[in-house]
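Residue numbering restarts at 1 for every chain, and letters A, B, ... go by the order of the sequence lines.
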Amino acid sequence: MKNFKESLLSVLAGIVLSLIITSLLGESPITIIKTMYYSVFSSFDQLSYVLFYTTPLIFTGLSVAVAFHAGLFNIGSEGQLYIGSLFTTFFSLTFLNLPSFFAITGAILFAFLGGGLWAAIAGFLKAKRGSHEVIVTIMLNFISYAVCGYFILGAFKNPHSQNPESAEIGLQYHLHRFSGDAPLNAAIFLAIFCAILTWLLLYKTNWGFEVRLIGSSLETARRSGINIKRRLIEAMFLSGGLAGLVGVHEILGHAYKFKDQFSNGLGFVGIAVALLARNKPLMVLFSALLFGALSKSALDLELDTEKITRDMALIIQGLIILFVAASQRRKNAS
Amino acid sequence: MREVSKSYAGFNANKKVNFNLKHGSIHAIAGENGAGKSTLMKVLFGLTKPNSGEILINGEKKSFKSPLEAIASGIGMVQQHFALSGVISALENIILGAEPQKFGFINHKEALTQLTQIAKDNLNVPWERETNSLPIGEHQRIEILKLLFRKAKILILDEPTGVLTPKEVKRFFELLKNLKAQGHSIVIITHKLDEIFELCDEVTVLRRGQVTGHFKVSSITKDDLVQAMIGRRLKNLPKEKSFAQNDAPSVLKVQNLLVSKPGRGKLSGISFQIKPGEILGVAGVEGNGQQTLVEALLELEKYSGQIFFESKNTKNLNVRRDLNYGLISEDRHHQSLWLDESVANNSVIGLSSRFLKNCFLNFKAVSEFSEKVLKKYDVSMQNVQQKVSGLSGGNQQKVIIAREIDGRAPKLLIASQPTRGVDVGAIESIHESIISLAQNGSGILLISSELEEICKLSDRVIVLRNGEISAEFMGPQYDTQKIGEAMV
Ligand SMILES: Nc1ncnc2c1ncn2[C@@H]1O[C@H](COP(=O)(O)OP(=O)(O)OP(=O)(O)O)[C@@H](O)[C@H]1O
Ligand SMILES: [Mg+2]
């Protein structure tokens, strides 16, 4: 509860400071608050857009949080979500005649598998060779961009398009879309389901017990008989799998094809989402919602004001992270 | 200190405690685990704020908001659990936060001259070595030097000798007496009665947060002191007989165990065995291979040679999981506990897979189990849902003992410093547990720097020196003099 209050304060502090900065730029804070408010709450469609932006952030936020519980800093959610997307694209373009239920289930599993395996490489190297996961996941990110580009422009190429994107997936793969303008789709239910499942896994099962012990007290874990190597690889697999599910949202729920570089940093925002949620899976839902709302209002700020660009959202995000980090630091010190 | 009270979430750790420290005296604080000794001193050092009461230094009223302010008033404290950074050198740890500087850089040379002056030859430390690579005994000296370096006049030492060997303790006491002669005042929290009688001028006894006695050391007896501490006398039962089954096949057999390592901590081909029911004591100055021995037995360290558990080669096995070894590690915070979790969860570390209900952990069963195994150790705590970090040091140790002995009921127990920082009453019950484990036919490897403990419990004693077994002694009677000689 205290943590929650602190997070809330950090958010408020971040926003207030940002407003001060914008008013220094010569834009009235009132206008900005109004614009942001309308951008998020003014209509059902607006709200749906916010939830649409929120969904992938839930996946990546959970991804980072899970790894963190095992004491691993997964910077590779970005790459894992691409590989997950690639796997799901592969599945959808390969099995053309499945009934919808099996098609979607299979595509979801493949997305998870792709992201999971990609992250497990880092987990494996960490467990067996002690290679630092931060370095390895960063490198894997770069490799994933290239791998995806290779397939999108090669085997999965869309013959009818000049753009770097894959062919379209079949109708039976499309997730249910809610009515309205926004591309909000059923993937959000999958995201909420994953948050609950992750929470159960981490806090209610023996697996989670062991993983969290490894993350917070490695030496004790080493001497307790826990199979640390295995748990590290599994935790990374889960972490990457969750990131991979972004592919479900994007490809089965939104674009219906793999557009090269579609993510543009969702994996990295996931780090901020997890940080603000203090790695609590259920809090990730709210934290992702906040960052979703920020992304949405940033677009409108750029359109509706003269002096403010969408970088404003980045600044607010940055400030929030700064305040969260500062409040955690203070707690450690005391 | 006048009428100091401090409560944690409704639990009174200190109740109206009065405490007077005289100039140039050494004052002991004694009492059971969880009596509030550390809490009282943390208040004095500005680490926690009292709920009420006041602190007077030289008649002047003070209230410290932080240790920094206490240090400025000439108070220094060494915590029960050390707070050193492992990755920087001993020297850097000592000067951390008070570095002598030159052009904005740390002046290492200046620091070294100042320190050698302070240390003379009483307290020499390998200054340049990375702190992690030093045995825990050296950490204590580094901590003391930290205080002296900051010109503390009042030194608070929370269980300072817990990690020192008898010889080191002697040197350490000489140092303290010197400091006293130079006009320092010293508060020392200790569970060791001998130390109080040897070193201190006065003693204040706490029990359940209240002062139950304040004595001049010269005017009381040991029994009176124990009575004030735990409210009863010690049973002082000697261990009657050996339970070693000398004809049975060994529980543990170690052959030519060799671990090569630069510096300290190597093992150069040692062999020994433990029979069922036997307690094998390992004496020796810390840092002579004990830790490496434990890690090798746990298969956490690469070695050559062979280790057999009940005639099974343990190479590359997960011995804690598959062979159910019991383990009491020497560094309880880092090697045995999960500090930000509850007492209940700490009671099942390594055992958690026994508490499955469908796919989930059965936390109710975990709590019940925890309550059950902790019962006989009389742990002072609110309940098992409390965070283990909120327990006093000795009570944390009890949680570990209960888990490893009563929870696991192991065939082989490796016990490193099992009674470090534990009060006299609890030492008794821990010793009883170890003995009854032996009685049930388990083998026990007892590593301890307490010669008294080793001699009391062991059926046989080996002495580790520089990675070799320098001597072996058969019980039940031991010549501590000779063992001591074999150690160095
Ligand atoms: N941070 C805390 N939160 C909750 N309870 C605490 C906290 N610190 C201490 N306590 C409680 O206060 C009591 C006194 O603790 P303290 O550490 O002062 O004992 P102690 O006399 O030093 O014991 P020991 O000899 O075992 O070190 C204990 O029962 C402990 O559980
Ligand atoms: Mg204490």
Side-chain angles (χ1 to χ4, degrees), chain A residues 1-3 6 65 68-71 127-130 132 193-194 196-235 238 278-283 328-334, chain B residues 47-49 65-67 86 291 294-295 297-301 317-342 344-346 348-363 366 388-389 400 403-404 408 410 414 416:
Chain A
M1 204 55 227
K2 201 169 134 239
N3 282 343
E6 259 174 26
F68 211 87
H69 278 285
K128 299 285 166 180
R129 315 274 337 151
H132 203 293
F193 174 74
C194 282
I196 296 170
L197 209 64
T198 308
W199 174 74
L200 281 173
L201 261 174
L202 283 174
Y203 289 96
K204 299 292 165 193
T205 67
N206 188 41
W207 185 85
F209 186 86
E210 296 189 357
V211 163
R212 288 186 301 120
L213 173 61
I214 292 168
S216 52
S217 200
L218 184 61
E219 286 304 309
T220 300
R222 242 163 58 87
R223 287 169 179 73
S224 72
I226 291 175
N227 191 340
I228 295 186
K229 294 179 176 174
R230 188 167 153 191
R231 290 289 176 263
L232 284 180
I233 296 171
E234 288 166 352
L238 176 61
R278 286 165 209 265
N279 302 308
K280 300 268 186 286
L282 298 179
M283 293 309 286
Q328 282 178 348
R329 183 75 210 99
R330 209 198 63 226
K331 240 180 48 199
N332 290 344
S334 70
Chain B
L47 275 168
T48 71
K49 278 199 210 89
K65 287 190 200 67
S66 77
Q291 212 166 340
V294 173
E295 303 239 315
L297 291 176
L298 293 174
E299 299 292 334
L300 295 173
E301 177 88 67
L317 288 181
N318 185 337
V319 294
R320 287 272 278 159
R321 188 188 59 197
D322 302 334
L323 305 176
N324 195 34
Y325 283 18
L327 172 70
I328 298 160
S329 301
E330 62 168 11
D331 181 343
R332 60 171 157 261
H333 273 186
H334 298 111
Q335 300 176 341
S336 298
L337 292 175
W338 184 357
L339 282 177
D340 30 306
E341 274 294 333
S342 67
N345 285 355
N346 270 277
V348 298
I349 290 174
L351 308 173
S352 51
S353 54
R354 296 187 191 170
F355 298 89
L356 296 182
K357 191 166 127 191
N358 306 324
C359 300
F360 294 103
L361 257 187
N362 183 348
F363 285 100
V366 166
V388 83
S389 56
I400 298 164
R403 175 180 80 207
E404 298 298 334
R408 263 190 196 261
I414 302 169
S416 257

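- Proximity to chain B (any heavy atom under 4.5 Å) is shown, for A:Ser224, by both the backbone and the side chain.
- Here the two rings, on A:Phe209 and B:Trp338, have centers that are under 6.0 Å apart.
- No part of B:Glu299 comes within reach of chain A, as not one of its non-hydrogen atoms sits under 4.5 angstrom from that chain.
- For chain B, the nearby parts of A:Leu213 are the backbone and the side chain; heavy atoms of each come within less than 4.5 Å.
- Between chain B and the options A:Arg222, A:Arg223, A:Glu219, heavy-atom pairs under 4.5 Å are most frequent for A:Arg223.
- No part of B:Asp322 comes within reach of chain A, as not one of its non-hydrogen atoms sits under 4.5 angstrom from that chain.
- Judged purely by distance below 3.5 Å, without hydrogens or angles, the side chains of A:Asn206 and B:Ser353 never pair a donor atom with an acceptor atom.
- In this structure, chain A has a heavy atom under 4.5 Å from the side chain of B:Leu298, while its backbone stays farther away.
- For the residue pair B:Asn324 and B:Arg408, a side-chain donor N or O sits within less than 3.5 Å of a side-chain acceptor on the partner.
- A heavy-atom distance below 4.5 Å is not found between the side chains of B:Val348 and B:Arg403.
- The greatest number of non-hydrogen atom pairs below 4.5 Å with chain A, out of B:Ile349, B:Val319, B:Leu356, is found for B:Ile349.
- Of the atoms belonging to B:Glu341, it is side-chain heavy atoms, and not backbone ones, that fall under 4.5 Å from chain A.
- Annotation: side chain of B:Gln291 is not in contact with side chain of B:Glu301 (no heavy-atom distance under 4.5 Å).
- Considering only heavy atoms from C-beta on, B:Ile400 stays 4.5 Å or farther from B:Asn346 through its side chain.
- Under the 3.5 Å distance criterion, the side-chain polar atoms of B:Glu404 are matched with a main-chain donor or acceptor of B:Leu327.
- Proximity to chain A is limited to the side chain of B:Phe363, based on heavy atoms less than 4.5 angstrom apart.
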